[in-house]
Amino acid sequence: MIYKKMRLCNIPTFTFYLLKSPLMCIHFLKSKITKEHNRYFEVLNILNTLRIECSNYDTVNEKGKHSLKCLYDYDNKSIYVKLRFLRKVNEEEYEKFRNSVDIHCDYGMSNLTTKKGYFHFVVYMKLEPLYETSIDKYSMAIGTYHKGLLTWNYAEYPHILVLGETGQGKSVFIRYLLKEIFNVGYDVWCIDGKKIDYSKVKSMFKQYCANDSNKSNIILTLEMFKDEMQLRYDSMVQRGIYNYFEDESLEPVFLLIDEYLTIIETADKKEQTVIKKLVSEIIWLGRAAGYFLIVTMQRADAKYIDGAIRDNFACRVVVGKASKESYSMIFDRKLNGFEKGRAWVQINNDLQIISIPFYNDF
Ligand SMILES: Nc1ncnc2c1ncn2[C@@H]1O[C@H](COP(=O)(O)OP(=O)(O)OP(=O)(O)O)[C@@H](O)[C@H]1O
Ligand SMILES: [Mg+2]
């Protein structure tokens with residue numbers, strides 16, 4: 001990586017753009033006129049934000065010496081920043097700087113790391129989502145990340161929890177997953193918490209159940225799913241098979257529980273206990289039997305989603321922008337959200353940012 005030094009001066013944005021690179025500027029102007037997405041625009045935009053924050057945090061002494069040294073490099077996916085204050089500051093000042101950049105630019109950012117006396121962070125540019133699908137008996141694509149399609153190996157890291165506040169893109173994300181599963185014809189069961197989202201594609205599911213006020217249909221569907229899973233598991237054990245993919249003829253089966261929190265919150269205590277117990281049983285045996293949960297909810301509520309349940313979802317996704325509490329409950333760390341179409345994903349303990357293709361065909 002060849003780092004360049006950030007110019008520390010108070011100049012108008014456009015002058016900065018001109019100084020930065022006349023070529024970049026031409027690309028930038030072209031993208032403004034054609035309204036086309038242009039990587040140069042993003043680079044300039046982010047670098048300008050960085051420059052402004054540097055000016056805000058920098059001081060110049062009587063000898064004209066700056067108190068901040070900021071270096072950057074970029075490729076077509078990310079901007080890499082390294083930073084050192086030349087005046088005495090504690091680590092919090094670096095965190096404050098990083099957060100100021102984060103607040104003023106609408107991009108995903110990594111956390112701070114330290115290396116050789118510098119504090120580093122990465123700004124991730126918007127990734128154009130790939131409108132591709134990829135699924136097999138073990139894994140499926142869940143979005144686009146900086147290396148291409150990000151696949152979730154559900155056989156190894158079973159069950160996915162998708163959190164998104166209203167309008168942040170849960171349904172679009174689930175549609176992408178369903179599209180993949182429907183394409184290959186694996187069984188999907190659906191418990192539709194809103195009673196409307198998936199009713200249009202009812203016939204695509206092996207079983208479809210809308211949220212009902214006394215929860216009897218939901219409980220029945222969960223029981224049927226669990227029984228089918230148990231039946232497969234018992235037959236596997238009889239044949240000395242302990243994982244569904246050891247048998248060529250066994251395919252994965254999915255259960256989508258949409259708006260799990262709504263379902264739980266509208267159930268009475270007794271029904272809640274039954275539903276939670278069934279969900280736990282599916283979680284425990286699902287991995288070996290090849291029965292996987294896809295659960296969505298609008299927010300994380302400690303009352304219903306405790307750490308133990310959460311940890312059973314080896315893949316966790318938060319789409320768009322969510323509350324600080326949701327990020328810390330789902331990922332156990334402080335994160336900022338995005339515009340619609342992007343998400344934080346954690347598979348096992350690996351955290352990534354993804355772009356989600358916008359499918360709205362059902
Ligand atoms: N991946 C995406 N790319 C582009 N736009 C998106 C994307 N995801 C969501 N949007 C925009 O956000 C809108 C709302 O998304 P969606 O219906 O998926 O939200 P939701 O989380 O399911 O909301 P609710 O909780 O109310 O059901 C979409 O109609 C679309 O305009
Ligand atoms: Mg929705």
Side-chain angles (χ1 to χ4, degrees), residues 35-37 42 77 106-108 124-135 140-146 148-152 160-182 188-202 204-205 208-211 218 254-266 293-301 304-305 313 315-327 329-331 335-345 352-362:
K35 295 211 174 0
E36 261 173 36
H37 178 264
E42 289 186 27
K77 305 264 170 62
D106 193 15
Y107 295 87
Y124 303 104
M125 283 186 270
K126 284 182 186 127
L127 292 170
E128 289 301 303
L130 297 168
Y131 281 76
E132 281 171 34
T133 56
S134 163
I135 185 165
M140 69 169 93
I142 53 169
T144 307
Y145 77 138
H146 59 281
L149 277 187
L150 177 69
T151 49
W152 162 45
I160 184 168
L161 182 64
V162 182
L163 186 139
E165 290 175 8
T166 182
Q168 291 300 312
K170 275 185 310 297
S171 300
V172 170
F173 179 68
I174 296 297
R175 234 175 265 144
Y176 176 42
L177 303 189
L178 287 179
K179 200 178 166 72
E180 297 188 288
I181 307 172
F182 290 160
V188 193
W189 298 45
C190 174
I191 295 178
D192 191 350
K194 274 216 194 108
K195 297 195 242 187
I196 178 152
D197 271 13
Y198 303 99
S199 57
K200 279 178 254 162
V201 279
K202 251 187 218 180
M204 299 294 287
F205 297 107
Y208 172 87
C209 155
N211 192 2
I218 290 183
F254 297 90
L255 168 60
L256 166 64
I257 308 182
D258 194 47
E259 301 292 356
Y260 180 64
L261 216 56
T262 312
I263 292 170
I264 290 285
E265 278 174 339
T266 51
L293 285 177
I294 301 173
V295 171
T296 82
M297 58 178 70
Q298 286 195 350
R299 65 200 153 76
D301 191 323
Y304 304 112
I305 305 294
F313 289 85
C315 181
R316 288 173 236 154
V317 179
V318 177
V319 295
K321 214 177 216 63
S323 68
K324 294 245 176 299
E325 297 73 44
S326 290
Y327 289 113
M329 268 201 66
I330 298 293
F331 300 121
L335 291 171
N336 289 306
F338 306 110
E339 74 286 356
K340 288 171 192 175
R342 298 186 98 200
W344 282 109
V345 175
Q352 303 283 357
I353 295 169
I354 54 164
S355 289
I356 300 157
F358 183 33
Y359 287 112
N360 62 348
D361 37 356
F362 58 83

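Start at 1 and go down the list; that is how both ligands and their atoms are numbered. Every value quoted in this text rests on a predicted model; they were computed, and no experiment measured them.
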Closer than 2.8 Å to the Mg ion (ligand 2) - protein N, O or S atoms, ordered by chain and residue number
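The answer is S171 OG.
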
Testing the basics here: between [X] and [Y], what is the closest heavy-atom pair and its distance to 0.1 Å?
| X | Y | answer |
| --- | --- | --- |
| A343 | V317 | CB-CG1, 4.0 Å |
| M297 | L161 | CE-CD1, 3.6 Å |
| E180 | S134 | OE2-N, 2.9 Å |

How close does the nearest protein non-hydrogen atom get to [atom], and which residue and atom is it?
| atom | value |
| --- | --- |
| atom 2 (C) of ligand 1 | G341 CA, 3.4 Å |
| atom 3 (N) of ligand 1 | F358 CB, 3.5 Å |
| atom 12 (O) of ligand 1 | K340 CD, 3.1 Å |
| atom 13 (C) of ligand 1 | G167 O, 4.1 Å |
| atom 1 (N) of ligand 1 | I356 O, 2.9 Å |

I'd like to check which ligand 1 atoms, numbered from 1 as shown, lie under 4.0 Å from a non-hydrogen atom of E165.
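The atoms of ligand 1 under 4.0 Å from a heavy atom of E165 are 21 (O).
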
Plane angle bin for Y176 and Y359 - parallel if under 30°, tilted between 30 and 60°, otherwise perpendicular
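If you compare the ring of Y359 with that of Y176, the planes turn out parallel.
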
Proximity to ligand 1 by part of Q298, non-hydrogen separation under 4.0 Å:
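Side chain only.
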
Residue-level breakdown please: for K170 versus ligand 1, do any non-hydrogen atoms fall below 4.0 Å on the side chain, on the backbone, on both, or on neither?
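For K170, the contact with ligand 1 is made by both the backbone and the side chain.
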
Check whether [X] reaches the backbone of [Y] with its side chain - one donor and one acceptor, N or O, closer than 3.5 Å.
| X | Y | value |
| --- | --- | --- |
| K340 | G169 | no |
| D192 | A210 | no |
| Y131 | P357 | no |
| T144 | L130 | yes |
| E165 | A322 | no |

Nearest-0.5 Å distance that lies between atom OG1 in T296 and atom OH in Y260:
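Reported to 0.5 Å precision, the distance equals 12.0 Å.
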
I174 pairs by side-chain contact (heavy atoms from CB on, under 4.5 Å) with which of I160, D197, V319, I294?
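Considering I160, D197, V319, I294, a side-chain contact (heavy atoms from CB on, under 4.5 Å) with I174 is found only for I294.
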
Is the shortest N/O to N/O distance between [X] and ligand 1 below 3.5 Å?
| X | result |
| --- | --- |
| G169 | yes |
| K194 | yes |
| T166 | yes |

Heavy atoms only: which of G164, G143, P129, S171 lies closest to atom 22 (O) of ligand 1?
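Closest candidate by heavy-atom distance is S171.
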
Could you pull out all residues at least two apart from K194 that satisfy salt bridge (Lys or Arg N to Asp or Glu O under 4.0 Å)?
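Here the qualifying residues are E259.
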
